[in-house]
Amino acid sequence: MEDIWGKVALFKEEITDMIHYPFLFKHINAPIVDEDKMLLLYSVLQELELSNKTVSEYMIAIMLVQISLDTHDTVTNVEEKHSDHLTERQLTILAGDYYSGLYYKILSQAGDISLISTIASAIKMINEHKIKLYENKLDSLEELMNSLKVVESSLFQNVSELFGKPFWKEISAHFLLFKRLLIERKKFLNNEHSLFFDSCKRVIFQLNHKDIHDKRDGIKSQLIHMCETQIIQTKNLIDKGLEGNPIIKHIMANRIEQLMYENFFTVKKIVEEG
């Protein structure tokens with residue numbers, strides 16, 4: 001396989017240049033371009049008989065959708081009274097809309113109606129499941145995990161399905177869920193807000209806020225164990241899905257190991273404690 005990370009780096013640079021808007025970045029943070037999602041997307045596209053121009057258009061357009069979604073996620077629902085905070089919130093919304101407009105312009109000019117429709121369907125699904133997560137009304141662990149998976153991977157699952165790549169549809173779903181769980185676990189351990197763990201409290205324990213406060217230590221350890229169990233199970237699904245594809249398995253295995261290191265997660269330690 002060619003230097004796939006090198007290709008990802010080149011596309012990332014191109015996207016970063018495209019979305020660079022000096023006025024915006026004086027007031028809001030520049031968006032993060034997720035290299036893992038770019039890796040998955042490029043892996044799908046390079047298996048297709050597409051011109052370099054089309055691959056570039058698809059890479060940029062689809063990642064702009066992801067950046068738009070991520071940007072809108074940073075907007076809080078809290079009423080802002082301070083003028084600087086209000087300006088930042090308004091500009092963040094505008095930035096997300098701007099990135100979305102760029103993606104649509106690229107694909108509409110290319111005349112790719114099927115991909116536009118596929119993306120629109122993914123965005124609809126993602127937003128529906130984000131609402132479920134934010135409203136904290138999921139009634140089972142299975143529903144919670146499914147909603148998290150939809151939010152993280154629907155865009156890439158739908159694109160993989162459109163192009164007839166079931167292998168990448170499955171790998172994208174498991175890998176992006178795995179990464180999100182690691183991030184949520186790290187947030188929780190650092191006493192940062194975690195949407196996932198907030199939902200877990202209701203789903204697993206069905207307790208009100210007072211009860212959770214009174215039993216904080218015991219519940220925290222159970223929540224962490226539950227999350228780590230899901231991480232291990234998801235990693236096992238990735239490993240199983242990569243069997244028979246040694247080149248891709250090597251690339252993904254290295255990235256998984258790196259993610260675990262970055263998020264202070266050791267499978268051996270968890271298994272021994274379990």
Side-chain angles (χ1 to χ4, degrees), residues 1-9 11-12 15 32-48 58-59 62-63 65-67 69-70 73 118-119 122-123 125-126 129-130 133 141-142 144-187 194-196 226-267 270:
M1 180 179 282
E2 62 184 295
D3 181 13
I4 193 167
W5 284 114
K7 288 287 187 180
V8 166
F11 281 119
K12 181 178 180 179
I15 293 169
I32 295 173
V33 184
D34 192 318
E35 292 184 0
D36 290 316
K37 290 180 177 179
M38 293 186 71
L39 170 68
L40 293 168
L41 178 57
Y42 184 71
S43 297
V44 173
L45 297 178
Q46 73 165 356
E47 293 183 1
L48 306 174
Y58 287 176
M59 281 290 296
I62 294 168
M63 287 310 301
V65 175
Q66 185 63 58
I67 292 168
L69 290 166
D70 293 342
D73 279 347
T118 295
I119 290 173
I123 292 173
M125 289 178 61
I126 289 168
H129 283 268
K130 279 182 180 178
L133 287 168
L141 179 59
E142 290 74 20
L144 172 57
M145 297 299 294
N146 180 63
S147 286
L148 201 63
K149 183 187 293 185
V150 168
V151 168
E152 287 300 307
S153 65
S154 276
L155 180 59
F156 303 91
Q157 287 195 75
N158 282 24
V159 169
S160 298
E161 184 173 3
L162 173 67
F163 293 128
K165 298 295 176 182
F167 170 81
W168 287 110
K169 178 180 179 180
E170 179 181 356
I171 292 299
S172 295
H174 297 320
F175 177 79
L176 294 177
L177 176 61
F178 170 80
K179 181 178 178 180
R180 176 66 182 267
L181 288 170
L182 283 173
I183 292 171
E184 294 294 325
R185 172 183 173 273
K186 186 176 180 179
K187 285 182 179 179
S194 167
L195 184 63
F196 172 73
M226 182 277 300
C227 180
E228 290 172 344
T229 299
Q230 293 299 317
I231 290 172
I232 293 172
Q233 290 177 355
T234 306
K235 180 183 179 299
N236 289 340
L237 290 172
I238 298 171
D239 292 340
K240 183 178 179 180
L242 291 172
E243 290 177 0
N245 201 325
I247 297 177
I248 295 173
K249 183 176 182 178
H250 176 71
I251 295 172
M252 298 297 291
N254 285 343
R255 182 56 184 144
I256 287 169
E257 184 177 345
Q258 183 181 5
L259 284 170
M260 291 194 297
Y261 175 79
E262 291 172 355
N263 290 279
F264 312 109
F265 184 85
T266 304
V267 172
I270 304 307

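Here the structure is a predicted model, which means the values were calculated and not measured.
- Within the structure, every pair that satisfies the salt bridge (charged side-chain N to carboxylate O under 4.0 Å, His left out) test and touches residues 159-168, not counting sequence neighbours, is listed here: E47-K165, E161-K169.
- When atom types are taken as modelled, the side chain of K186 and the backbone of E262 share a donor-acceptor pair closer than 3.5 angstrom.
- Taking CE from M59 and CE from M63, the interatomic distance works out to 7.0 Å, rounded to the nearest 0.5 Å.
- Distance CD/Q258 to CG/N263: 10.5 Å, rounded to 0.5 Å.
- In this structure, the separation between CG on L182 and CE on M260 is 8.0 Å, given to the nearest 0.5 Å.
- In this structure, the side chain to side chain contact (heavy atoms under 4.5 Å, CB included) partners of L242, at least two apart in sequence or on a different chain, are F167, I171, I238, I248, K249, M252.
- E184 is linked by a side-chain hydrogen bond (donor to acceptor under 3.5 Å, both in side chains) to R180, S194, counting only residues two or more places apart in sequence or in another chain.
- With contacts defined as side-chain heavy-atom distances shorter than 4.5 Å, the pair V65/I123 qualifies.
- In terms of heavy atoms, F178 sits closest to K235 at CE1-CB, 3.8 Å.
- Residues that satisfy the side chain to side chain contact (heavy atoms under 4.5 Å, CB included) test with Q230, not counting sequence neighbours, are L141, M145, L181, M226, Q233.
- Checked against salt bridge (charged side-chain N to carboxylate O under 4.0 Å, His left out), K12 has the following partners two or more places apart in sequence or in another chain: E35.
- Not counting sequence neighbours, N146 has no partner by the side-chain hydrogen bond (donor to acceptor under 3.5 Å, both in side chains) test.
- The ring pair (Phe, Tyr, Trp, His ring centres under 6.0 Å) test applied to Y58 returns F163, not counting sequence neighbours.
- Of the inter-residue distances, the one linking L45 atom CG with K7 atom NZ reads 12.0 Å to the nearest 0.5 angstrom.
- D36 meets the salt bridge (charged side-chain N to carboxylate O under 4.0 Å, His left out) test with K179, R255; sequence neighbours excluded.
- Put simply, OG on S172 and NZ on K37 are 10.0 Å apart, with the number rounded to the nearest 0.5 Å.
- By the side-chain hydrogen bond (donor to acceptor under 3.5 Å, both in side chains) test, H129 pairs with S147, sequence neighbours left out.
- Of all the heavy atoms in L133 and L195, the pair that sits closest is O-CD1, 3.7 Å.
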*Check the pair I4, Q46 against side-chain contact (heavy atoms from CB on, under 4.5 Å), reporting the backbone distance first and the verdict last.*
CA-CA 10 Å; I4 193 167; Q46 73 165 356; 4.2 Å; yes

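- The two residues L155 and I62 come nearest to each other via the heavy atoms CD2-O, 3.7 Å.
- Closest approach of S154 to A122, counting heavy atoms only: O-CB, 3.9 Å.
- Residues satisfying the ring pair (Phe, Tyr, Trp, His ring centres under 6.0 Å) test with F196, not counting sequence neighbours, are none.
- Looking at every heavy atom in both residues, I251 comes nearest to L39 through CG2-CD2, 4.3 Å.
- Between L177 and L237, the closest side-chain pair of non-hydrogen atoms is not below 4.5 Å.
- For the atom pair F175 CZ and W168 CH2, the distance stands at 10.0 Å (nearest 0.5 Å).
- Contact record, M38 with I15: CE-CD1, 3.9 Å, taken as the closest heavy-atom pair.
- Not counting sequence neighbours, the partners of S153 by the side-chain hydrogen bond (donor to acceptor under 3.5 Å, both in side chains) test are Q157.
- Side-chain contact between I232 and F265: present, with at least one pair of heavy atoms (C-beta onward) separated by less than 4.5 Å.
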